[in-house]
Amino acid sequence: MKKSTLLFLMMTLYSLINAQNNNSTSEKTDKPRTEDSAKYLYVKGNFNTYATLNNTINGYADGIVTYIFDRKTKKLKSTCIEQYRIFRMPRAEWDSQKFSSWDYSIYMHLPQMKRIEGTNPYKKNKNMVFHKTEGSQRDEIEIKEERLQEKELTLLGFHFSDVKYSTRIAYTRNSRKQPEDLLQYSESSTMKLKYKKEPTYNVVNIYTNFYPTALDFGNTKNNDKIRFDLGTSYYTSNYWENPSFPDMQNALDSFLKEDLQEKQNINALYTKN
(Lines give C-alpha, C1' and ligand atoms only; values in the text may rest on other atoms or scores of the structure.)
Protein backbone atom coordinates (compact mmCIF):
# COMPACT_ATOMS: atom_id res chain seq x y z
CA MET A 1 0.00 0.00 0.00
CA LYS A 2 1.20 3.52 -0.78
CA LYS A 3 2.75 5.65 1.95
CA SER A 4 0.11 8.31 1.25
CA THR A 5 -2.64 5.81 2.14
CA LEU A 6 -0.86 4.84 5.35
CA LEU A 7 -0.52 8.52 6.27
CA PHE A 8 -4.22 9.04 5.57
CA LEU A 9 -5.11 6.17 7.91
CA MET A 10 -2.86 7.56 10.65
CA MET A 11 -4.50 10.99 10.37
CA THR A 12 -7.97 9.41 10.45
CA LEU A 13 -7.06 7.58 13.64
CA TYR A 14 -5.61 10.76 15.12
CA SER A 15 -8.80 12.71 14.44
CA LEU A 16 -10.95 9.98 15.99
CA ILE A 17 -8.79 9.47 19.07
CA ASN A 18 -8.39 13.19 19.77
CA ALA A 19 -11.86 14.38 18.75
CA GLN A 20 -12.89 14.89 22.36
CA ASN A 21 -9.97 17.21 23.04
CA ASN A 22 -11.04 19.41 20.15
CA ASN A 23 -14.55 20.08 21.25
CA SER A 24 -5.52 8.00 42.86
CA THR A 25 -5.53 11.40 44.74
CA SER A 26 -2.39 13.51 45.05
CA GLU A 27 -2.30 16.01 47.88
CA LYS A 28 -0.83 19.42 47.20
CA THR A 29 2.47 19.63 49.03
CA ASP A 30 3.19 23.37 48.76
CA LYS A 31 0.88 26.06 50.06
CA PRO A 32 0.52 28.89 47.55
CA ARG A 33 1.67 32.36 48.33
CA THR A 34 -1.16 34.86 48.53
CA GLU A 35 0.19 37.81 46.55
CA ASP A 36 -2.94 39.54 45.26
CA SER A 37 -0.90 41.20 42.53
CA ALA A 38 0.21 37.91 40.91
CA LYS A 39 -1.15 37.50 37.40
CA TYR A 40 -0.69 33.77 36.97
CA LEU A 41 -1.36 30.58 38.89
CA TYR A 42 1.14 27.72 38.44
CA VAL A 43 -0.16 24.16 38.89
CA LYS A 44 2.77 21.74 38.91
CA GLY A 45 2.49 17.97 38.99
CA ASN A 46 3.27 14.52 37.69
CA PHE A 47 1.76 13.02 34.56
CA ASN A 48 1.69 9.74 32.70
CA THR A 49 0.24 8.67 29.39
CA TYR A 50 0.16 5.22 27.85
CA ALA A 51 -1.34 3.24 24.98
CA THR A 52 -2.68 -0.31 25.00
CA LEU A 53 -3.47 -2.61 22.09
CA ASN A 54 -5.75 -5.56 22.82
CA ASN A 55 -5.06 -5.15 26.57
CA THR A 56 -1.27 -5.17 26.09
CA ILE A 57 0.89 -2.12 26.79
CA ASN A 58 1.92 -0.49 23.50
CA GLY A 59 3.69 2.68 24.70
CA TYR A 60 4.30 4.65 27.89
CA ALA A 61 5.51 8.10 28.98
CA ASP A 62 5.67 10.03 32.23
CA GLY A 63 7.17 13.22 33.60
CA ILE A 64 6.73 16.53 35.39
CA VAL A 65 4.76 19.43 33.91
CA THR A 66 3.49 22.85 35.02
CA TYR A 67 0.26 24.41 33.75
CA ILE A 68 -0.02 28.19 33.89
CA PHE A 69 -3.47 29.76 34.32
CA ASP A 70 -4.63 33.33 34.29
CA ARG A 71 -5.74 34.04 37.86
CA LYS A 72 -8.71 36.17 36.89
CA THR A 73 -10.16 34.31 33.93
CA LYS A 74 -8.90 30.82 34.96
CA LYS A 75 -7.93 30.25 31.31
CA LEU A 76 -4.94 28.05 30.50
CA LYS A 77 -2.13 30.25 29.15
CA SER A 78 0.85 27.96 28.86
CA THR A 79 2.10 24.40 29.36
CA CYS A 80 5.69 23.94 30.53
CA ILE A 81 7.08 20.43 30.58
CA GLU A 82 10.17 20.04 32.79
CA GLN A 83 11.22 16.40 32.47
CA TYR A 84 9.85 13.29 30.78
CA ARG A 85 10.60 9.74 29.65
CA ILE A 86 9.30 7.95 26.55
CA PHE A 87 9.05 4.16 26.14
CA ARG A 88 8.06 2.75 22.74
CA MET A 89 8.11 -0.53 20.83
CA PRO A 90 11.47 -0.91 19.10
CA ARG A 91 10.23 -3.16 16.29
CA ALA A 92 6.74 -2.10 15.21
CA GLU A 93 5.88 -3.49 11.75
CA TRP A 94 3.51 -0.75 10.57
CA ASP A 95 1.76 -3.14 8.19
CA SER A 96 -1.00 -0.97 6.67
CA GLN A 97 -3.26 -4.04 6.32
CA LYS A 98 -2.72 -5.24 9.86
CA PHE A 99 -3.70 -2.80 12.58
CA SER A 100 -2.42 -5.23 15.22
CA SER A 101 1.15 -4.47 14.07
CA TRP A 102 1.02 -0.71 14.71
CA ASP A 103 2.77 1.37 17.36
CA TYR A 104 -0.05 3.40 18.93
CA SER A 105 2.25 5.35 21.22
CA ILE A 106 2.28 8.01 18.48
CA TYR A 107 -1.11 9.09 19.89
CA MET A 108 0.14 9.61 23.44
CA HIS A 109 -0.01 13.23 24.60
CA LEU A 110 0.19 15.55 27.58
CA PRO A 111 -3.02 16.04 29.60
CA GLN A 112 -5.24 18.55 27.79
CA MET A 113 -6.08 20.80 30.71
CA LYS A 114 -8.33 23.23 28.87
CA ARG A 115 -11.30 21.25 30.11
CA ILE A 116 -10.91 22.56 33.64
CA GLU A 117 -11.42 26.14 32.41
CA GLY A 118 -15.17 25.57 32.66
CA THR A 119 -17.74 22.84 32.16
CA ASN A 120 -20.78 24.79 30.91
CA PRO A 121 -20.05 24.13 27.20
CA TYR A 122 -20.07 20.39 27.86
CA LYS A 123 -23.33 20.49 29.80
CA LYS A 124 -25.05 22.01 26.75
CA ASN A 125 -23.50 19.65 24.19
CA LYS A 126 -26.12 17.07 23.18
CA ASN A 127 -23.43 14.61 22.07
CA MET A 128 -21.83 14.52 25.52
CA VAL A 129 -22.90 13.07 28.85
CA PHE A 130 -22.06 15.27 31.82
CA HIS A 131 -22.09 13.79 35.32
CA LYS A 132 -21.15 15.33 38.67
CA THR A 133 -20.55 13.36 41.89
CA GLU A 134 -20.00 14.75 45.38
CA GLY A 135 -18.06 12.33 47.57
CA SER A 136 -16.90 12.26 51.15
CA GLN A 137 -13.31 13.17 50.21
CA ARG A 138 -13.54 14.71 46.74
CA ASP A 139 -15.97 15.98 44.14
CA GLU A 140 -15.76 14.55 40.62
CA ILE A 141 -16.91 15.66 37.20
CA GLU A 142 -17.09 13.18 34.33
CA ILE A 143 -17.62 14.05 30.67
CA LYS A 144 -18.33 11.25 28.20
CA GLU A 145 -18.82 11.09 24.47
CA GLU A 146 -19.46 8.19 22.10
CA ARG A 147 -19.28 7.85 18.33
CA LEU A 148 -19.80 5.10 15.75
CA GLN A 149 -21.89 3.04 18.16
CA GLU A 150 -24.62 1.93 15.78
CA LYS A 151 -22.80 2.13 12.46
CA GLU A 152 -19.13 1.65 11.71
CA LEU A 153 -17.00 3.89 9.50
CA THR A 154 -15.50 2.11 6.50
CA LEU A 155 -12.67 3.56 4.40
CA LEU A 156 -10.77 1.64 1.72
CA GLY A 157 -11.42 -1.66 3.47
CA PHE A 158 -10.60 -0.33 6.93
CA HIS A 159 -13.27 -0.46 9.64
CA PHE A 160 -13.59 1.86 12.67
CA SER A 161 -16.25 1.55 15.36
CA ASP A 162 -17.17 1.95 19.03
CA VAL A 163 -15.26 5.17 19.72
CA LYS A 164 -15.50 6.38 23.31
CA TYR A 165 -13.99 9.35 25.15
CA SER A 166 -13.98 10.09 28.84
CA THR A 167 -12.61 12.90 31.00
CA ARG A 168 -12.66 12.70 34.80
CA ILE A 169 -11.77 15.73 36.91
CA ALA A 170 -11.45 15.48 40.69
CA TYR A 171 -11.57 18.55 42.93
CA THR A 172 -11.30 19.24 46.64
CA ARG A 173 -14.63 18.50 48.32
CA ASN A 174 -17.07 21.43 48.47
CA SER A 175 -14.62 23.66 46.57
CA ARG A 176 -15.29 26.23 43.84
CA LYS A 177 -13.92 23.78 41.22
CA GLN A 178 -11.11 26.12 40.19
CA PRO A 179 -7.62 25.12 38.93
CA GLU A 180 -6.22 25.56 42.44
CA ASP A 181 -8.76 23.01 43.73
CA LEU A 182 -7.69 20.28 41.31
CA LEU A 183 -6.77 16.86 42.75
CA GLN A 184 -6.56 14.73 39.61
CA TYR A 185 -7.24 14.93 35.89
CA SER A 186 -7.68 11.85 33.68
CA GLU A 187 -8.53 11.25 30.03
CA SER A 188 -9.17 8.07 28.08
CA SER A 189 -9.93 7.29 24.44
CA THR A 190 -11.05 3.88 23.18
CA MET A 191 -11.80 2.59 19.71
CA LYS A 192 -12.08 -0.62 17.72
CA LEU A 193 -10.50 -0.99 14.29
CA LYS A 194 -9.52 -3.63 11.77
CA TYR A 195 -8.61 -4.22 8.16
CA LYS A 196 -11.11 -6.27 6.17
CA LYS A 197 -8.78 -9.32 6.20
CA GLU A 198 -8.25 -9.27 9.95
CA PRO A 199 -10.52 -11.78 11.71
CA THR A 200 -11.46 -9.61 14.68
CA TYR A 201 -11.41 -5.99 15.77
CA ASN A 202 -8.35 -4.57 17.53
CA VAL A 203 -9.07 -2.51 20.65
CA VAL A 204 -6.90 0.57 21.17
CA ASN A 205 -6.87 2.64 24.38
CA ILE A 206 -5.02 5.89 25.10
CA TYR A 207 -4.84 6.97 28.77
CA THR A 208 -3.54 10.25 30.18
CA ASN A 209 -3.35 11.34 33.84
CA PHE A 210 -2.19 14.40 35.77
CA TYR A 211 -1.60 14.57 39.55
CA PRO A 212 -0.99 18.06 41.01
CA THR A 213 1.77 18.31 43.61
CA ALA A 214 2.39 22.05 44.07
CA LEU A 215 0.77 25.45 43.58
CA ASP A 216 2.44 28.81 43.19
CA PHE A 217 1.76 32.34 41.93
CA GLY A 218 3.79 34.65 39.72
CA ASN A 219 3.80 37.21 36.94
CA THR A 220 5.80 35.32 34.32
CA LYS A 221 4.19 33.20 31.64
CA ASN A 222 7.12 30.92 30.95
CA ASN A 223 7.60 29.76 27.40
CA ASP A 224 7.63 26.02 26.80
CA LYS A 225 11.35 25.59 26.10
CA ILE A 226 11.21 21.78 26.28
CA ARG A 227 9.06 20.03 23.69
CA PHE A 228 7.28 16.75 24.41
CA ASP A 229 8.95 14.73 21.67
CA LEU A 230 7.86 11.10 21.33
CA GLY A 231 11.25 10.31 19.77
CA THR A 232 13.36 11.27 22.80
CA SER A 233 13.42 11.44 26.59
CA TYR A 234 14.51 14.50 28.55
CA TYR A 235 15.28 14.53 32.26
CA THR A 236 17.84 15.86 34.72
CA SER A 237 17.12 13.48 37.62
CA ASN A 238 15.50 10.15 38.45
CA TYR A 239 12.23 11.90 39.30
CA TRP A 240 10.29 8.61 38.96
CA GLU A 241 12.05 7.32 42.10
CA ASN A 242 10.43 10.02 44.24
CA PRO A 243 7.96 8.38 46.67
CA SER A 244 5.30 10.93 45.65
CA PHE A 245 5.44 9.88 42.00
CA PRO A 246 2.44 7.75 40.84
CA ASP A 247 3.06 4.01 41.24
CA MET A 248 2.21 3.28 37.59
CA GLN A 249 5.94 2.67 37.16
CA ASN A 250 5.79 -0.40 39.39
CA ALA A 251 2.70 -1.77 37.65
CA LEU A 252 4.30 -1.47 34.21
CA ASP A 253 7.87 -2.34 35.18
CA SER A 254 7.97 -5.74 33.45
CA PHE A 255 6.55 -4.28 30.24
CA LEU A 256 9.00 -1.37 30.26
CA LYS A 257 11.92 -3.77 30.52
CA GLU A 258 10.79 -6.52 28.14
CA ASP A 259 8.48 -5.09 25.48
CA LEU A 260 9.27 -1.39 25.32
CA GLN A 261 12.50 0.53 24.89
CA GLU A 262 13.25 3.90 26.46
CA LYS A 263 14.14 6.65 24.02
CA GLN A 264 17.52 8.29 24.50
CA ASN A 265 17.74 11.04 27.11
CA ILE A 266 18.93 14.08 25.18
CA ASN A 267 19.78 16.12 28.26
CA ALA A 268 23.59 16.22 28.29
CA LEU A 269 23.64 17.40 31.92
CA TYR A 270 22.04 14.21 33.28
CA THR A 271 24.27 12.03 35.46
CA LYS A 272 22.96 8.54 36.22
CA ASN A 273 22.76 7.76 39.93
Side-chain angles (χ1 to χ4, degrees), residues 1-23 48-61 86-115 121-122 124-131 142-168 185-209 227-232 255 259-261 263:
M1 184 170 289
K2 295 181 179 180
K3 290 184 178 180
S4 59
T5 304
L6 180 59
L7 178 60
F8 170 74
L9 287 171
M10 292 173 65
M11 294 304 297
T12 300
L13 276 175
Y14 181 84
S15 63
L16 287 171
I17 290 174
N18 293 282
Q20 185 193 35
N21 292 329
N22 295 333
N23 305 293
N48 60 49
T49 177
Y50 55 101
T52 66
L53 171 62
N54 300 327
N55 295 319
T56 300
I57 193 72
N58 193 255
Y60 174 80
I86 302 288
F87 293 85
R88 297 180 64 180
M89 297 178 61
R91 293 176 297 276
E93 295 180 18
W94 288 107
D95 185 338
S96 59
Q97 297 185 9
K98 189 178 179 182
F99 277 131
S100 59
S101 70
W102 283 32
D103 173 10
Y104 293 92
S105 65
I106 61 173
Y107 301 109
M108 298 189 307
H109 55 83
L110 294 174
Q112 307 294 313
M113 298 291 283
K114 276 189 169 293
R115 286 217 154 179
Y122 310 112
K124 301 176 182 179
N125 192 322
K126 296 181 179 180
N127 296 321
M128 296 183 176
V129 177
F130 182 89
H131 183 68
E142 184 174 16
I143 305 166
K144 292 184 177 181
E145 183 179 2
E146 297 182 349
R147 299 186 181 189
L148 304 179
Q149 296 298 302
E150 299 179 357
K151 185 178 180 179
E152 66 180 14
L153 172 65
T154 303
L155 295 169
L156 303 175
F158 299 90
H159 301 258
F160 308 88
S161 72
D162 198 13
V163 181
K164 298 179 181 179
Y165 314 102
S166 176
T167 299
R168 298 178 67 93
Y185 178 93
S186 300
E187 302 172 19
S188 66
S189 302
T190 302
M191 72 178 305
K192 295 180 180 179
L193 63 165
K194 72 169 185 172
Y195 182 61
K196 60 183 179 181
K197 294 183 180 180
E198 292 185 281
T200 59
Y201 274 96
N202 300 285
V203 181
V204 177
N205 295 278
I206 308 295
Y207 301 96
T208 306
N209 304 287
R227 187 168 63 93
F228 185 62
D229 185 347
L230 291 173
T232 64
F255 291 106
D259 299 329
L260 304 179
Q261 185 177 85
K263 292 299 181 178

Next item on the list: Answer yes or no: is there a donor N or O on one side and an acceptor on the other, between the side chain of Asp162 and the main chain of Gln149, under 3.5 Å?
Entry: no
Notebook entry, point to check: Any donor-acceptor pair under 3.5 Å linking the side chain of Ser101 with the backbone of Asp95?
Noted result: yes
Check: Between Gln112 and Leu110, which heavy-atom pair has the shortest distance, and what is it?
Finding: NE2-O, 2.8 Å
Next item on the list: Specify the closest pair of heavy atoms between Leu230 and Ile86, including all atoms of both residues, with the distance to one decimal.
Entry: O-CG2, 3.3 Å
Notebook entry, point to check: Quick one: are Glu145 and Thr167 in side-chain contact, heavy atoms under 4.5 Å?
Noted result: no
Margin query: How long is the straight-line distance from OG1 of Thr208 back to CE of Met108, given to the nearest 0.5 Å?
Written below: 9.0 Å
Margin query: Which heavy atom of Tyr50 sits nearest to which heavy atom of Tyr60, and what is that distance?
Written below: CB-CD1, 3.8 Å
Notebook entry, point to check: Tyr165 and side chain to side chain contact (heavy atoms under 4.5 Å, CB included): which partner among Met191, Arg147, Lys144?
Noted result: Arg147
Item checked: Minimum heavy-atom distance between Phe99 and Tyr104, given as atom pair plus value -> O-OH, 2.7 Å
Checklist line | Closest non-hydrogen atom pair between Asn209 and Ser186, with its separation | finding: OD1-OG, 2.8 Å
Checklist line | Side-chain donor-acceptor pair present, Asn205, Thr190, cut-off under 3.5 Å | finding: yes
Note to self: To the nearest 0.5 Å, what is the distance between CD on Gln261 and CZ on Phe87?
What the structure shows: 10.0 Å
Margin query: Tell me if a side-chain donor or acceptor on Thr49 pairs with a main-chain N or O of Tyr207 at a distance below 3.5 Å.
Written below: yes
Next item on the list: Give, for atom CG of Asn55 and atom CD1 of Ile57, the distance between the pair rounded to the nearest 0.5 Å.
Entry: 11.0 Å
Checklist line | Value rounded to 0.5 Å, distance of CD in Glu146 from NZ in Lys164 | finding: 5.5 Å
Item checked: Heavy-atom closest pair, residues Phe160 and Leu193 -> CD2-CB, 4.0 Å
Margin query: A side-chain contact here means heavy atoms from C-beta on lying under 4.5 Å apart; do Asn58 and Met89 qualify?
Written below: yes
Notebook entry, point to check: Using 30° and 60° as the class limits, which term best fits the ring planes of Tyr201 and His159: parallel, tilted or perpendicular?
Noted result: perpendicular
Next item on the list: Report the distance from atom CD of Glu198 to atom CD of Gln97, rounding to the nearest 0.5 Å.
Entry: 9.5 Å
